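So you know, we letter chains A, B, ... as the sequences are listed, proteins then strands, and number each from 1. Predicted, not measured: the structure shown is a model, and the values here were computed from it.
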Amino acid sequence: MRTLLKKLETAFPSVVHVKNFGRSEQLLIEVGADQLIEIAAWLRMEESFRMDFLENSSIYEMKGKFTISYFLRSYSQDHQLVLRTSVVAPSGNEEIEFPSVTGIWPQAEAFENEQAALFGVRFTGKTAISRVKRNLGPFEGFPLRKSFEWGEQVDF
Amino acid sequence: MIAVDRLEPESALASELAFCIAVEEICNIQVPRRAQVIRLILCELGRVGSHLNFLARLALATGFETVSHYILRERELVLDLFELMTGRRFNPNFFRFGGVAADITEGFIERIHEATRLIEIRLREYHALMIENRAFVDRLAWQGILSAESAVLKGLTGPSARASGSRFDLRKAEPYSGYDQFDFRVPIGTGTRGTIGDGFDRVMVRLEEIRESLLLLSHAVDSVPAGDYLAFHTTPDFTVPAGEAYSRVESPRGMLACHVVSDGGFHPVRIQWRTPSSSNIEILPEILRGVTLQDLPVILASFNLSIAEVDR
């Protein structure tokens with residue numbers, strides 16, 4: 001996989017940072033948010049990568065940043081990668097805009113719908129508007145942000 | 001662990017396993033071999049129970065109420081085995097970071113052998129009552145056809161995707177908890193009565209998976225290694241060091257993944273779940289287009305979606 005990644009580094013010099021994901025041997029590619037769609041599309045289409053399955057997408061907030069991870073798998077080439085980007089966390093209940101990857105991986109629909117409702121991310125460039133809004137109750141804000149106040153009105 | 005069980009009560013141990021594997025990876029905890037096999041046994045038992053429940057629901061949806069009662073009778077056997085081993089029929093709260101909460105209960109292995117033999121016999125009865133019954137086959141064959149391409153495109157995993165011809169099973173692709181020590185087959189859809197990927201294939205794949213799990217169970221209980229069942233006992237002030245891990249397991253409904261992030265504090269920064277049903281449900285708008293009302297419950301039941309997983 002390391003040799004394959006050289007191709008990526010050649011195609012996108014100085015915008016890609018590769019390291020191990022946690023303690024695992026799986027590789028993590030960190031890219032800038034502005035380059036995400038271009039690199040994601042390249043990983044999906046490039047013959048030697050063919051990342052045809054977005055098995056998961058996850059957001060977490062730490063040290064004032066939203067970190068978005070895409071867990072990718074190639075059925076045809078039998079390898080995996082984690083693609084990651086970070087953006088500055090917005091203040092208060094302000095929504096944050098982020099490019100949608102549903103055009104590259106339609107599997108992202110379910111993950112993006114959830115992230116939109118729980119983290120207040122507005123995904124741009126989507127072909128369809130989210131139909132799923134989780135019924136969490138009558139309150140303002142986004143419950144998985146660290147700034148969210150757990151008042152009495154939040155009833156699960 | 002109690003909260004993790006609630007993710008999907010039918011396959012609670014798969015959720016517990018995914019969570020434990022992720023935390024163990026961050027903490028660099030080596031799970032004893034005995035504990036791994038005990039976990040495998042309980043997860044396979046959970047798979048048998050979940051698939052039997054699926055068959056019972058499908059029998060109800062197709063109007064085979066008597067068969068549904070027969071199947072639930074066998075599922076009771078599985079729940080009794082859970083009770084014997086973990087003390088609970090549901091929400092077992094049995095896996096721990098570094099192993100399991102208790103060693104194998106006396107008589108558990110003998111009871112597993114008895115149960116697997118009996119369920120194997122009963123499977124032949126279900127085969128005669130359902131699979132050889134034209135009224136049942138006609139409700140499912142050529143219904144809700146899902147192509148392999150659509151399954152990949154929408155991110156389907158598990159038996160519903162394998163019924164469409166996918167061979168992907170995490171127990172084979174990335175063995176965890178000692179699955180690589182055992183030989184088992186991964187059934188895929190063959191289109192025996194209709195076409196590949198129809199409702200009938202989804203039933204057949206799960207029936208075959210029950211058989212494979214029963215064989216796996218009989219082998220596993222006979223080869224439980226000696227040793228500890230828990231690497232260490234966690235204390236109330238247990239904290240996970242800063243780091244992150246991502247684990248995947250093959251739950252009865254498909255790929256269940258857990259992303260855990262810790263900053264070294266007392267509470268996790270994030271525990272995120274990828275549940276199979278929340279991805280599998282995305283196929284419904286495509287599959288249900290043009291379906292007649294009387295076929296709707298049968299097709300929905302054939303996908304075995306869990307709303308608990310979708311709305312977690």
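Closest non-hydrogen pair, B/Ser278 versus A/Ala110, comes out as O-CB, 3.7 Å. Smallest separation of non-hydrogen atoms from A/Asn56 and B/Ala257: ND2-CB, 4.3 Å.
For the atom pair CD1 (B/Ile26) and OG (A/Ser24), the distance works out to 10.5 Å, reported to the nearest 0.5 Å. Going from atom CG of B/Leu153 over to atom CZ of A/Phe53 covers 11.0 Å, rounded to the nearest 0.5 Å.
B/Arg248 touches chain A through its side chain: at least one heavy atom from C-beta onward sits under 4.5 Å away, while N, CA, C and O do not. Heavy-atom distances place the backbone of A/Ser57, and not its side chain, under 4.5 Å from chain B. Contact of A/Gln115 with chain B is not made at all, since no heavy-atom distance falls under 4.5 Å. The part of A/Lys146 that comes within reach of chain B is its side chain, from C-beta onward, which places non-hydrogen atoms under 4.5 angstrom from that chain. Residue B/Val269 touches chain A through both its backbone and its side chain, counting heavy-atom pairs closer than 4.5 Å. Neither the backbone nor the side chain of B/Ile281 comes within contact range of chain A; no heavy atoms are under 4.5 Å apart. Heavy atoms closer than 4.5 Å to chain A are found in the side chain of B/Thr157, but not in its backbone.
The main-chain N or O of B/Val152 is found under 3.5 Å from a side-chain atom of A/Gln107 such that the two form a donor-acceptor pair. Side-chain atoms of B/Arg270 come within 3.5 Å of backbone atoms of A/Ile59 as a donor-acceptor pair (strictly under, hydrogens ignored). Not one N or O on the side chain of A/Glu109 forms a donor-acceptor pair closer than 3.5 Å with the backbone of B/Ser279. One N or O on the side chain of B/Arg274 and one on the backbone of A/Glu55 form a donor-acceptor pair closer than 3.5 Å.
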Decide yes or no on side chain to side chain contact (heavy atoms under 4.5 Å, CB included) for B/Asp263 and A/Met62, but give the supporting numbers first. CA-CA 8 Å; B/Asp263 59 359; A/Met62 196 156 72; 3.8 Å; yes

Go through the steps to decide whether B/Arg167 and A/Tyr75 satisfy the test side chain to side chain contact (heavy atoms under 4.5 Å, CB included), and finish with yes or no. CA-CA 10 Å; B/Arg167 290 188 180 274; A/Tyr75 278 132; over 6 Å; no

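Crowding of A/Asp78 atom CG: a count of heavy atoms from other residues, nucleotides or ligands under 6.0 Å not exceeding 12. For A/Lys65, the NZ atom sits in a loose shell: 12 or fewer heavy atoms of surrounding residues, nucleotides or ligands are nearer than 6.0 Å.
Under the 30°/60° scheme for interplanar angles, the aromatic rings of A/Phe21 and B/Tyr246 are found to stand perpendicular.
For the pair B/Glu174 and A/Arg73, the salt-bridge criterion is met [side-chain N within less than 4.0 Å of a carboxylate O]. Using a 4.0 Å cut-off between a side-chain N of Lys or Arg and a carboxylate O of Asp or Glu, A/Arg84 and B/Glu244 qualify as a salt bridge.
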